[in-house]
Structures are given as C-alpha cells and as structure tokens.
Number of protein chains: 2
Amino acid sequence: MQITRYTDYSLRILMYLANKGDTLSTIKEIAQSYQISRNHLMKIVQQLGNKGYLVTIRGKNGGLKLNASPGDINVGRLVRDIEQDLTLVECMGSSNTCVITPVCQLKAVFSEALQAFLSKLDEYTLADLVALKHRAAFIQLLDPG
Amino acid sequence: MQITRYTDYSLRILMYLANKGDTLSTIKEIAQSYQISRNHLMKIVQQLGNKGYLVTIRGKNGGLKLNASPGDINVGRLVRDIEQDLTLVECMGSSNTCVITPVCQLKAVFSEALQAFLSKLDEYTLADLVALKHRAAFIQLLDPG
DNA sequence: CTAAAGATGTATTATGAATGCATCTTTATG
DNA sequence: CATAAAGATGCATTCATAATACATCTTTAG
C-alpha cells in the first residue's frame, strides 16, 4: 500500500513554499532542492494551481507561492484532492469483476478503514508538517547550493 | 492508494473457505469460481499456508481448509501479514532520499494514519466478511458451474 | 504406478507511475 | 518591439513491479 509520488511531491512542494512565506519560488529551484524531476514537478504544480493551493505567476520574475496560510491547508483534504485512485480493493472500483460483491462485506470494511485513515490526516495541516522551530533547518536542507 | 491483488485474493480465498466449513476445497476450484489465475492463487495459498491461515493437504483428494474458525481470523492482522509494502510515502521506506527527512513530520503523520487504518480493520474478522445470513447466496455465486 | 493434488523457481506480460522532450503562452525589462 | 525567464500543455518514453504463465518437482490415495 503506497500513495503515489505525485501526492508525496505535492506535500513536499507545499512544505517548501510554507517555509518561504510570501517570497516567490520557481519550479526549477524546488526541483533542484529536492533533486527530483523538473518535468514531473511541473505537472504537479499545475494541478496544485488548478485546485487552488498555489498562486502561480507566469513570465519573467514569476514563480509560485501558497494561496493560503499553512495552518489552513489540511493534509487529509489535499490527499483526497490529489491522490487519483483510492480504490483499495478491486470491489471499491468501477471495473470490479468479483462475483461475490453482492453479498461480500469487504468493500464496506475497507471503506471504513479508508475513512479512518483520511480522518486522521484531517487532524493535521501543513503548519504541523513544517513546525516553526524547524524553519531554519528546513531552509538549510533545502538550499540548492 | 491500493492494496495488491495478493492481499485482495487472500481475503477472497479465506472467504471461500469460510463458507465451506471443514470440507476441503482445491485451488483449481477456487480459481474457477472467482475466474482468476490458478498460478497466482497457488502462490497466495502457499503463503497463507506458511503463515498458518490454512491447512493444505497434498496429493490425491487433497485440498485446503481454514486453520481456525472465521471468527478468529482478524482482517487487520491478515493485511499486516500479507501486504508486503506498507510504505505509504517514500520517507517511510528504507530507500528514502528526501533531503528534509530529518525535520519533516510527514512520516509521523502518515504512520499515525496507517495505524488508524489498520486499527479499523482490526475490528473485523473473517466471520464479519461472510455473514451467516448470506451463506446460501455466497455458495450460489461461487458455484463454478 | 498413476493420477490428482499442492510446492517451487524462473520467465514473461501488462499496467501505470514516473520521467523526458518539444512546443506554446505569458510577462518583465532593456 | 525583442528577448529572456518563467509557467502550461501534450505526447512519447522509460521503468518498476504486480500479475500471470510455464515448467518441473513433491506428495499421497487408490
């Protein structure tokens, strides 16, 4: 059981920006800091922009920043927004072929467990992920130099 | 976010056997009933046998049955036993390369959420998945004929 | 001894995430 | 107005690994 890098990277981008406050950051810079694919980040940033998590500014001197304060960005909400497929077991999805589905309780049980998972994530915001006391260390670790 | 078919099929096998009581079933028969790969089931049965969930009997007239009553087979326990990789995010695994890991709270938050997920599954047993009142319907749906 | 069952190891296929590449659009600035 | 620096977008490719197939071995009832 894993979530996609998409969602993982989404959270990393948001953490990066949370530490930068209102200063604009570029995709290039974030990709270098985390040493991950610039192209991949590009698409994630797009999606985060479309979903309203980011302000993206095109053109020269453009860049990214958060569209809300870290305390207002909920982790559970983000995972629900970004993780495309929360089909834990086949019978939770649309292409299910399992013959016992009509009488099987598996779907109900896993749906409940998924809710418990997401509800726990709902208890946290981006601010919890980048605790203020670690701000300096974060910035140091993310220095691309 | 998905669990593997391995785990999904494991649960299906156990449900099948739960409905058969002490009667032996064969892998071939289960594969036909669910219309899934016999070879794949083979390995899952092996693993379930090794972990003590099944009694497997080789040779002619051999087959499989549960090694415990359905009420004693816990869903959470099974998922922990069978699902190989519970590395939800990169930083939870051994091949993590994320530079901010030392100060990032992502791992802690996702670990907590994973616990909540598994704890919910812990509340159910195989008996809950194959409620007695559905026994007849189950057997009908699983009839390979 | 044979047939029917599970056990085991290796190879292959299929799927989808991850990544790369090429091109377009936007915008500040000289 | 031209240019450079930024994000936006679509298509192609790579890669990882789950899923499946194949081949062979072992066990055991009759």
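By convention in this document, chain letters (A, B, ...) are assigned in the order of the sequence lines, proteins followed by strands, and residues within each chain are numbered from 1. Everything quoted here is computed from the prediction, not taken from an experiment.
When the nucleotides C:dT8, C:dT19, C:dA18 are ranked by their closest atom to the side chain of A:Thr4, C:dA18 comes out on top.
The hydrophobic cluster containing B:Val55 does not contain B:Met15, counting ILVMFWY residues as joined when their side-chain heavy atoms lie under 4.5 angstrom apart, directly or transitively.
Rounded to whole angstrom, the span from the NE2 atom of B:His40 across to the P atom of C:dT8 amounts to 16 Å. The distance between atom NZ of A:Lys43 and atom P of C:dA22, rounded to the nearest whole Å, is 13 Å. Atom-to-atom, CD of A:Gln84 to C1' of C:dG16 comes out at 10 Å; the value is rounded to the nearest Å. Taking atom CD of residue A:Gln47 and atom C1' of nucleotide C:dA18, one finds them 14 Å apart after rounding to whole Å. Between A:Lys28 atom NZ and C:dG20 atom P the separation is 15 Å, expressed in whole Å. What separates CG of B:Leu24 from P of C:dA4 is a distance of 17 Å, to the nearest Å. Here the P atom of nucleotide C:dA4 and the CD atom of B:Glu29 are 15 Å apart, to the nearest Å. A:Met1 places its CE atom 17 Å from the P atom of C:dA17, with the value rounded to the nearest Å.
Place A:Gln2 and A:Asn50 on DNA chain D by their nearest nucleotides, and A:Asn50 ends up nearer the 5' end. Remark on DNA chain D: of its neighbouring residues B:Asp85 and B:Arg38, the 5'-side contact belongs to B:Asp85, judged by nearest-heavy-atom nucleotide.
Of all nucleotides in DNA chain D, those with any atom nearer than 4.0 Å to a heavy atom of chain B start and finish, going 5' to 3', at D:dA19 to D:dG30.
Between the side chain of B:Asn19 and the backbone N or O of B:Ile139, no donor-acceptor pair lies under 3.5 Å. B:Glu83 contributes no side-chain N or O that, together with a main-chain N or O of B:Ile3, makes up a donor-acceptor pair within less than 3.5 Å. When atom types are taken as modelled, the side chain of A:Glu90 and the backbone of A:Thr97 share a donor-acceptor pair closer than 3.5 angstrom.
Listed by residue number, B:Arg58, B:Gly59, B:Lys60, B:Asn61 are the residues of residues 56-68 of chain B with a heavy-atom contact under 4.0 Å to DNA chain D.
Note: B:Tyr53 OH to B:Leu64 CG = 16.0 Å, rounded to the nearest 0.5 Å. Considering OH of B:Tyr124 and CG of A:Leu106, their distance stands at 11.5 Å, rounded to 0.5 Å. The structure places CG of A:Leu66 at 4.5 Å from CD1 of A:Ile73, a figure rounded to the nearest 0.5 Å.
Here A:Ser37 reaches the OP1 or OP2 of C:dG20: one of its side-chain N or O atoms lies under 4.0 Å away.
Among residue pairs with one or both ends in residues 59-80 of chain A, those qualifying as salt bridge (charged side-chain N to carboxylate O under 4.0 Å, His left out) are A:Asp22-A:Lys65, A:Arg77-A:Asp81, A:Arg80-A:Asp122; sequence neighbours excluded.
With contacts defined as side-chain heavy-atom distances shorter than 4.5 Å, the pair A:Leu11/A:Leu126 does not qualify.
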